[in-house]
There are 2 protein chains.
Amino acid sequence: MLSSILFYSLDKAIRQYRRMAQTNIDRAGIAITIDQWLVLCVIQEIDDLTQTDIAERVFKDQASVARIIRLLLERGLLRAEPLPHDGRRTQLRVTEQGLHTLQAVEPVVLSNRAKALQGLSENDLNTLRFLLDQIAVNCTSSAE
Amino acid sequence: MLSSILFYSLDKAIRQYRRMAQTNIDRAGIAITIDQWLVLCVIQEIDDLTQTDIAERVFKDQASVARIIRLLLERGLLRAEPLPHDGRRTQLRVTEQGLHTLQAVEPVVLSNRAKALQGLSENDLNTLRFLLDQIAVNCTSSAE
DNA sequence: GCATGGTCAATGATATATCATATAGATGTA
DNA sequence: TACATCTATATGATATATCATTGACCATGC
């Protein structure tokens, strides 16, 4: 059935992409996982988010984000400063080492994306994005 | 950048779908995970596969499949019979309880898919599948 | 001020992802 | 037969996914 094949293809595409991407990051000698990189990127862009905010942005659970942040702190890619106005939170900041890592990953990610999207036109990408977003919306709508 | 947005959409679509699907299986009172269900389906269709074969079909690691099979055995959804001609392997068979579970999950999965694909035409699905397969191929090709 | 309810982060439990390795059995070859 | 090699499975280590819960803190109403 077509719909089953579709989710098969969806699963396959994302898994193969993640494997390829992680392999290339490893090969470049950069010690970071894709998920850690993603969270680090978000924090670099906006450094005043709660874990729940970050989780929403990267489609993860707050618990997953908490553990990823702990690893990033342990590895010195992030540092946490106390927030005077809210004792529950800390201000997360990307360290020098974190910046270096982000800069090192950047070209690898670009090359990964380019490789993954070989042969797809601008138009293809727009179509794909539109349809994928539609699926995401369908799955999020609470009705039924 | 468009390519980054694309992988964002891809990630989002698959994650939202998996969450919705698992939630609905849980709500139906069926005690199985999507990944276990997938492996169980494959074994029911072809019951003479090695773990590596199964892993390829579901885009997982052999180690992941080994652990999923162990859980399916522990929960009585699968049983393993010794294979006379190869002492390393066992013949995996879906039990009665496994069949019941598969039958119970079936309508939920169909309804999940229908919900996820609301508003997409046959044509959309074909396009989507074609483009996703292209990405998967791009990521698998060993060159570079 | 203070109780109540809400928010934030951390963590236990369980499942999965991945790599590397271990162990056992199978197979081919000298 | 003896050995090397290959294959199938299992498992340790680490990372992530998810739910549920806890504990700390905040904000509001009273």
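Chain A is the first sequence line, chain B the second, and so forth, proteins listed ahead of strands; every chain is numbered from 1.
- Closest approach to the A:Q51 side chain among C:dA10, D:dT18, C:dA17 is made by C:dA10 (side chain taken as heavy atoms from C-beta onward).
- Atom P of nucleotide C:dA17 and atom CD1 of A:I25 are separated by 19 Å, given to the nearest angstrom.
- Residues A:A66 and B:L83 each lie close to DNA chain C; by heavy-atom proximity, the contact nearer the 5' end of the strand is made by A:A66.
- Listed pair B:Q62 / D:dA10 fails the phosphate criterion, with no side-chain N or O lying under 4.0 Å from OP1 or OP2.
- Side-chain atoms of B:N126 and B:E122 include no donor-acceptor pair closer than 3.5 Å.
- The side chain of A:T33 places an N or O atom within less than 4.0 Å of a non-bridging phosphate oxygen (OP1 or OP2) of D:dT16.
- Phosphate proximity of C:dG25 to B:R89: absent, as no side-chain N or O sits under 4.0 Å from OP1 or OP2.
- For C:dT16, the OP1/OP2 oxygens have a side-chain nitrogen or oxygen of B:Q36 closer than 4.0 Å.
- Remark: B:R19 is in phosphate contact with D:dT18, judged by side-chain N or O atoms under 4.0 Å from OP1 or OP2.
- One can place CE of A:M20 at 14 Å from P of C:dC19, the figure rounded to the nearest angstrom.
- Atom CG in A:D11 sits roughly 9 Å away from atom P in C:dA17 (whole-Å rounding).
- Checking D:dT9, D:dT11, C:dT16 against the side-chain heavy atoms of B:R70 singles out D:dT11 as nearest.
- Within the nucleic acid shown, A:D61 comes within 4.0 Å of at least one base atom, counting heavy atoms only.
- Heavy atoms of A:T50 sit under 4.0 angstrom from primed sugar atoms or phosphate atoms, though from no base atom.
- In this structure, the separation between CZ on B:F130 and CG on A:L128 is 11.5 Å, given to the nearest 0.5 Å.
- Judged purely by atom type and a 3.5 angstrom limit, B:D47 has no side-chain atom pairing as donor or acceptor with the backbone of B:I43.
- Of all nucleotides listed (C:dA9, C:dC19, C:dT16), C:dT16 comes nearest to the side chain of B:K60.
- Within 4.0 Å of B:I69, counting heavy atoms only, lies no atom of the nucleic acid at all.
- Between A:R18 and C:dA17 there is no side-chain N or O to OP1 or OP2 distance below 4.0 Å.
- Contact check, B:R15 against D:dA17: a side-chain N or O comes under 4.0 Å of OP1 or OP2.
- Atom CD in A:E56 sits roughly 14 Å away from atom P in D:dT18 (whole-Å rounding).
- Both A:D35 and A:A63 sit near DNA chain D, but only A:D35 has its closest nucleotide nearer the 5' end.
- When the C1' atom of D:dA10 is taken as reference, atom CZ of B:R67 falls 8 Å away, rounded to whole Å.
- The NE2 atom of A:H85 sits 10 Å away from the P atom of D:dC26 (whole-angstrom rounding).
- For the pair A:D26 CG and C:dA17 P, the computed distance is 18 Å after rounding to whole Å.
- Sorted by first and then second residue, the side chain to side chain donor-acceptor pair (under 3.5 Å) pairs with a member in residues 48-59 of chain A read A:D48-A:R89, A:T50-A:D53, A:Q51-A:Q62; sequence neighbours excluded.
- For B:R88, taking side-chain heavy atoms from C-beta onward, the closest of the listed nucleotides D:dT16, C:dA24, C:dT11 is C:dA24.
- As a whole-Å value, the separation of A:I54 CD1 from C:dC8 C1' is 12 Å.
- Residue B:D86 has its side chain nearest to C:dA26 when only D:dA17, C:dG12, C:dA26 are considered.
- Ion pairing between a basic and an acidic side chain is recognised when a charged N comes within 4.0 Å of a carboxylate O; A:K60 and A:D35 show such pairing.
- No continuous path of hydrophobic side-chain contacts links B:L40 to A:Y8 [ILVMFWY only; heavy atoms under 4.5 Å].
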